[in-house]
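All of these numbers come straight from a predicted model, not from anything done at the bench.
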Amino acid sequence: MSIPAKVIKHLEKLKIKYKPVKHRTVYTAYDAAATMRAKLGEIAKTLHIVADKKHILAVVPASHMLDLGKLKKLLKAKRAEIAQEKYMIKVFGSKKGSVVPFVGLYKDVGVWVDRGFSRAKRVLIGGGTFQDSLEMKVKDFLRAAGGILANFAVKKPAAKKVKGKKDRVK
């Protein structure tokens with residue numbers, strides 16, 4: 001498979017410079033980082049959120065965790081939750097992990113991007129398939145996403161070492 005035409009058309013319309021990246025099939029942000037030899041802070045993790053029956057794409061660096069309470073407050077929603085996969089297929093016509101977080105690609109779907117990307121020089125986002133990604137400068141990604149920039153993620157805590165015969169990460 002390759003990057004969907006509507007994604008390429010969107011980027012070309014906005015005159016966004018990007019580099020397509022082919023890789024082995026990946027389903028998680030951690031696999032993407034390992035496969036592309038990238039830092040977790042450079043990998044965009046896209047989450048489908050349903051807030052008061054409205055669909056939102058929340059994009060956070062893979063080095064962070066979504067703070068659903070913060071996002072709910074920013075959205076001024078009474079209820080917010082991560083959507084079930086069946087809704088993702090219905091709304092986006094694709095499985096989780098293959099949604100590209102750009103405003104305008106999907107009808108009535110807002111995009112929110114966490115400010116955690118401000119420290120990265122580049123960003124790698126899913127390119128619409130499990131074998132394709134897009135690499136671009138953060139400023140270009142923010143323009144392509146066209147969403148709202150806010151703080152709604154928290155840095156993941158570092159893994160703790162467990163003492164024993166062999167040092168291992170818990």
- request: Could you go through the side-chain contact (heavy atoms from CB on, under 4.5 Å) check for I148 and V113 one step at a time?
  value: CA-CA 6 Å; I148 297 168; V113 180; over 6 Å; no
message: Between K72 (side chain only) and K78 (backbone N and O only), is there a donor and an acceptor less than 3.5 Å apart?
response: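 Flag set: sc K72 to bb K78 pair under 3.5 Å.
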Rounded distance [0.5 Å steps], [atom1] in [X] versus [atom2] in [Y]:
X: Y18; Y: H10; atom1: OH; atom2: NE2; answer: 11.5 Å
X: K19; Y: S133; atom1: NZ; atom2: OG; answer: 11.5 Å
X: F152; Y: H64; atom1: CZ; atom2: NE2; answer: 10.5 Å

May I have the list of side-chain donor-acceptor pairs in residues 29-41 shorter than 3.5 Å, sequence neighbours left out?
unit_1 : atom_1 : unit_2 : atom_2 : d
Y30    : OH     : K156   : NZ     : 2.6
D31    : OD2    : T28    : OG1    : 3.3
T35    : OG1    : R24    : NE     : 3.3
T35    : OG1    : R24    : NH2    : 3.3
T35    : OG1    : D31    : O      : 2.8

Shared hydrophobic cluster, [X] / [Y] (ILVMFWY, side-chain heavy atoms < 4.5 Å):
X: I125; Y: W112; result: no
X: F141; Y: V99; result: yes
X: V100; Y: I8; result: yes
X: V103; Y: L47; result: no
X: I3; Y: M136; result: yes

task: For V59 and F117, run side-chain contact (heavy atoms from CB on, under 4.5 Å): C-alpha distance rounded to whole Å, both residues' side-chain angles, the deciding distance at 0.1 Å, then the answer.
output: CA-CA 9 Å; V59 188; F117 287 108; 3.9 Å; yes
Which atom pair, heavy atoms only, marks the closest approach of [X] to [Y]?
X: A120; Y: V138; value: O-CG2, 3.3 Å
X: V111; Y: F102; value: CG2-C, 4.0 Å
X: A77; Y: D52; value: CA-OD2, 3.1 Å
X: L134; Y: P20; value: CD2-CA, 4.5 Å
X: I82; Y: L68; value: N-CD2, 4.4 Å
X: L57; Y: P101; value: CD1-CA, 3.9 Å

pair V50-H55: side-chain heavy atoms closer than 4.5 Å: yes
task: Report yes if some heavy atom in the side chain of T25 is under 4.5 Å from a heavy atom in the side chain of F130; otherwise report no.
output: yes
query: Among pairs that include at least one residue of residues 109-127, which meet salt bridge (charged side-chain N to carboxylate O under 4.0 Å, His left out), considering only residues two or more places apart or in two chains?
result: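 Non-adjacent pairs meeting salt bridge (charged side-chain N to carboxylate O under 4.0 Å, His left out): E42-R122, R122-E135.
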query: Counting only heavy atoms not in K9, do more than 12 fall under 6.0 Å of its NZ?
result: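 Counting neighbours around NZ of K9, 12 or fewer heavy atoms of other residues, nucleotides or ligands fall under 6.0 Å, so no.
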K70, NZ: over 12 other non-hydrogen atoms inside 6.0 angstrom: yes
query: So, D132 and K22, do they make that salt bridge, N to O below 4.0 Å?
result: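 So D132 pairs with K22 through a salt bridge.
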message: Over 60° means perpendicular and under 30° means parallel, so tell me whether F92 and Y106 are parallel, tilted or perpendicular.
response: perpendicular
- request: Quick one: do E81 and I49 satisfy side-chain contact (heavy atoms from CB on, under 4.5 Å)? Show the steps, please.
  value: CA-CA 6 Å; E81 61 188 6; I49 308 297; over 6 Å; no
